[in-house]
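So the structure is just underneath, and the comments pick up after that.
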Amino acid sequence: MRELKDILYKVGINAVVGNTSTLIHKIDFDSRKITQNDVFIAIKGTVVDGHQYIEKAINKGAIAVVCEKLPKIIVDGVIYVEVIDTQEALAIMAANYYDTPSENLKLVGITGTNGKTTIATLLYQLFKKAGYKVGLLSTVKILVDDIVYKATHTTPDSLTINYYLKEMNTAGVEYCFMEVSSHGIHQKRTEGLVFEGGIFTNLSHDHLDYHTTFQEYRDVKKKFFDELSKKAFALVNKDDKNGSFMLQNTSARSYGYALKSYTDFRGQILENSLSGLLLKINDNDVWTKLIGSFNAYNLLAIFGTAELLGLESLEILQLLSSLESVGGRFQYFISDKKITAIVDYAHTPDALKNVLETITDIRTNAETLLTVVGCGGDRDKTKRPVMGNIAAKLSNKVIFTSDNPRTENPSQIIEDIEKGVEPQHYKKVLSIIDRRQAIRAACQLVEENDIILIAGKGHETYQETNGERIDFNDFEIVREELKKLGK
């Protein structure tokens, strides 16, 4: 039990009704989880306003309510705290409730459109191999050293973040690597966290269903760097035109990484093949199992971060060569008939272009490249024709299909994608709504030495339609279909 006033430390408060010296049990923003002597925080979400559930929370035993507007009816014995912003209050209160766990480890946040999961996961791998206890907060999973938990959001809510950071403290974790999404920054889920450093990967077309404009999306990412302390480091991709913009108002120590520019951590691709990358990093050669120029950038970010966190350059290079690729990120196998099947999470125009260009770089052009791709429902619609254009232009054949339709009609999503296909590429394109049927058709169409790219879902092991999730794993399905066909 803690006193409410301790949990409210550093929260911007407008008014208080009642005694904040009262002992409280726990805090929550979900009225369904409220029990006796809890604090209910009323969050204004994009769909639901938590202020509508204040009465329900009190009936379930809430002893205190944190809100942006005091309700008309004040219940005796209940403490009301009116704050400027309940999302920010939740984040600060969560950190206070769990004793500011981010202060007790070195927390590094990774933000940008593409590469967050790969960089966070490979930094976790590298520091584990270096002998440290490490934590990971990613799209794919949450790791408290060796203990695995399932992730539900790219950036979890503030209570979840601080809960797992506290678990990391208890486990003796020294470093934690965390994906920081634009949604998470905008919804202030990272407020109250103490970051040792921040990494910017790149910025391209995504989440405009949420942010409305590219400028707003960019500025939200920048806010993360604006709020880093002078003790932290900010490491940005200098080959992305937005890299230097991220550093404009930061107090953090600033560094860059690049393949094309002269900066602190410089790289050069010496060899790029299906077996891996040969890179020169700051005048030292290193062979890695990862593939493609986009991974060259990821590896530079990892190298720079590890060095800024105190590891020796030669040790980092040795560790880089042992890193394994992340599931669903250019994950591939070669079948009995020498068909290369690649599964990748590419769900933005830039990511799809990167993957297709990487395949083009490592193929001989004697093979057919067949791409299976769709776009998610209830998400940014403006990227659909752009992705259709890229897929048709850079592939020999394309099958447009469903991704996660969610509540949208999958036929309409595919029509939106098809609008981006230029007339000269019409003959390349097929549309098959059922994703399994689309993958099966791709397997039927390819011959020996051909390449299949299945893009969009990557590591996901489900498909979501009208609120229902069914088991669906691109990697397992393409392997199964090729085997059935004896290919």
**Prompt:** Charged N to carboxylate O under 4.0 angstrom, D336 versus K483?
**Reply:** no
**Message:** Assess the residue pair T160 and D157 against the criterion (side-chain hydrogen bond (donor to acceptor under 3.5 Å, both in side chains)); give the C-alpha distance rounded to whole Å, side-chain angles, the decisive distance to 0.1 Å, and a yes or no.
**Reply:** CA-CA 5 Å; T160 303; D157 66 76; 2.8 Å; yes
**Test: E480 and R436 ion pair at under 4.0 Å** = yes
**Within-4.5 Å side-chain heavy-atom neighbours: L308 and Y255** = yes
**Item:** K223/E191 salt bridge by N-O under 4.0 Å criterion
**Value:** yes
**Request:** Working to the nearest 0.5 Å, report the span between CG of L235 and CZ of F200.
**Result:** 11.0 Å
**Complete:** By ring pair (Phe, Tyr, Trp, His ring centres under 6.0 Å), Y164 pairs with (sequence neighbours left out) Y149
**Fill in**
Across all chains, not counting sequence neighbours, the ring pair (Phe, Tyr, Trp, His ring centres under 6.0 Å) partners of F177 are F127
**Request:** Taking only Lys NZ, Arg NE, NH1 and NH2, and the carboxylate oxygens of Asp or Glu, determine whether D145 and K128 approach each other closer than 4.0 Å.
**Result:** yes
**Request:** Please examine the side chains of V236 and Y257, heavy atoms only from C-beta on, and report whether any two atoms are closer than 4.5 Å.
**Result:** no
Can I get a per-line list of side-chain donor-acceptor pairs under 3.5 Å for residues 318-327, giving both atom names and the distance, sequence neighbours left out?
from : atom 1 : to   : atom 2 : distance (Å)
S321 : OG     : Q318 : O      : 2.6
S322 : OG     : L319 : O      : 2.8
E324 : OE2    : K289 : NZ     : 2.7

**Item:** Residues E476, R479: salt bridge by 4.0 Å N-O rule
**Value:** no
**Asked** Does any non-hydrogen side-chain atom of I302 lie less than 4.5 Å from one of L126?
**Response** yes
**Prompt:** Is it the case that K457 places NZ or CZ above or below the six-membered ring of Y462, under 6.0 angstrom from the centre and within 45 degrees of the axis?
**Reply:** yes
**Prompt:** Side-chain contact, heavy-atom cut-off 4.5 Å: I399 with T371?
**Reply:** no
**Asked** Is it true that K188 and D85 have a side-chain N and a carboxylate O under 4.0 angstrom from each other?
**Response** yes
**Request:** Over all heavy atoms of both residues, which pair between A438 and I432 is shortest? Give the atoms and the distance, please.
**Result:** N-CG2, 3.8 Å
**Message:** Any carboxylate oxygen within less than 4.0 angstrom of a Lys/Arg side-chain nitrogen, looking at D380 and K383?
**Reply:** no
**Prompt:** Does the pair E460/R435 count as a salt bridge with the N-to-O cut at 4.0 Å?
**Reply:** no
**Prompt:** Where do A341 and L482 come nearest, in terms of heavy atoms and distance?
**Reply:** CB-CD1, 4.3 Å
**Message:** Salt bridge check, E481 against R440: does any charged N sit closer than 4.0 Å to a carboxylate O?
**Reply:** yes
**Summary of salt bridge (Lys or Arg N to Asp or Glu O under 4.0 Å) pairs that have at least one residue in residues 260-273, sequence neighbours excluded** = none
**Message:** Are there over 12 heavy-atom neighbours, none belonging to K487, within less than 6.0 Å of that residue's NZ?
**Reply:** yes
**Asked** Is there any ring pair (Phe, Tyr, Trp, His ring centres under 6.0 Å) pair reaching into residues 466-486, and which pairs are they, with sequence neighbours excluded?
**Response** F333-F475
**Item:** Heavy-atom pair with the smallest gap, counting every atom of H51 and E68
**Value:** NE2-N, 2.9 Å
**Item:** Distance in Å, Q331 CD paired with R329 CZ, rounded so as to fall on 0.5 Å steps
**Value:** 10.0 Å
**Prompt:** Considering all heavy atoms of both residues, which atom of V398 and which atom of A391 are nearest to each other, and what is their separation?
**Reply:** CG2-O, 3.3 Å
**Prompt:** Nearest 0.5 Å, what's the CG-OG distance between N409 and S402?
**Reply:** 9.0 Å
**Request:** Compute whether any side-chain donor of one residue and acceptor of the other, for S273 and S275, lie under 3.5 angstrom apart.
**Result:** yes
**Item:** Spatial distance of atom CG (L274) from atom CD1 (I334) [nearest 0.5 Å]
**Value:** 5.5 Å
**Request:** Test K221 against every option in T201, T111, N242 by the side chain to side chain donor-acceptor pair (under 3.5 Å) rule and name the one that passes.
**Result:** T111
**Asked** So does E464 pair up with R469, basic N to acidic O under 4.0 Å?
**Response** yes
**Prompt:** With no hydrogens and no angle check, do the side chains of E418 and S431 hold a donor and an acceptor under 3.5 Å apart?
**Reply:** yes
**Complete:** Across all chains, not counting sequence neighbours, the ring pair (Phe, Tyr, Trp, His ring centres under 6.0 Å) partners of H459 are Y345
**Message:** Is any side-chain heavy atom of L136 closer than 4.5 Å to one of T121?
**Reply:** yes
**Request:** State, with a plain yes or no, whether a side-chain heavy atom of L369 is found less than 4.5 Å away from one of R363.
**Result:** yes
**Item:** Rounded distance (nearest 0.5 Å) linking atom SG of C375 with atom CD1 of I417
**Value:** 4.0 Å
**Message:** Please find the pair of heavy atoms, one from I199 and one from A301, that lie closest to each other, and give the distance.
**Reply:** CG2-CB, 4.2 Å
**Prompt:** Is Y132 close to L311 at the side-chain level, that is, under 4.5 Å between some pair of heavy atoms?
**Reply:** yes
**Prompt:** Can you check whether F224 reaches F195 side chain to side chain, under 4.5 Å on heavy atoms?
**Reply:** yes
**Message:** Assess the residue pair D416 and K419 against the criterion (salt bridge (charged side-chain N to carboxylate O under 4.0 Å, His left out)); give the C-alpha distance rounded to whole Å, side-chain angles, the decisive distance to 0.1 Å, and a yes or no.
**Reply:** CA-CA 5 Å; D416 291 344; K419 286 173 186 173; 3.6 Å; yes
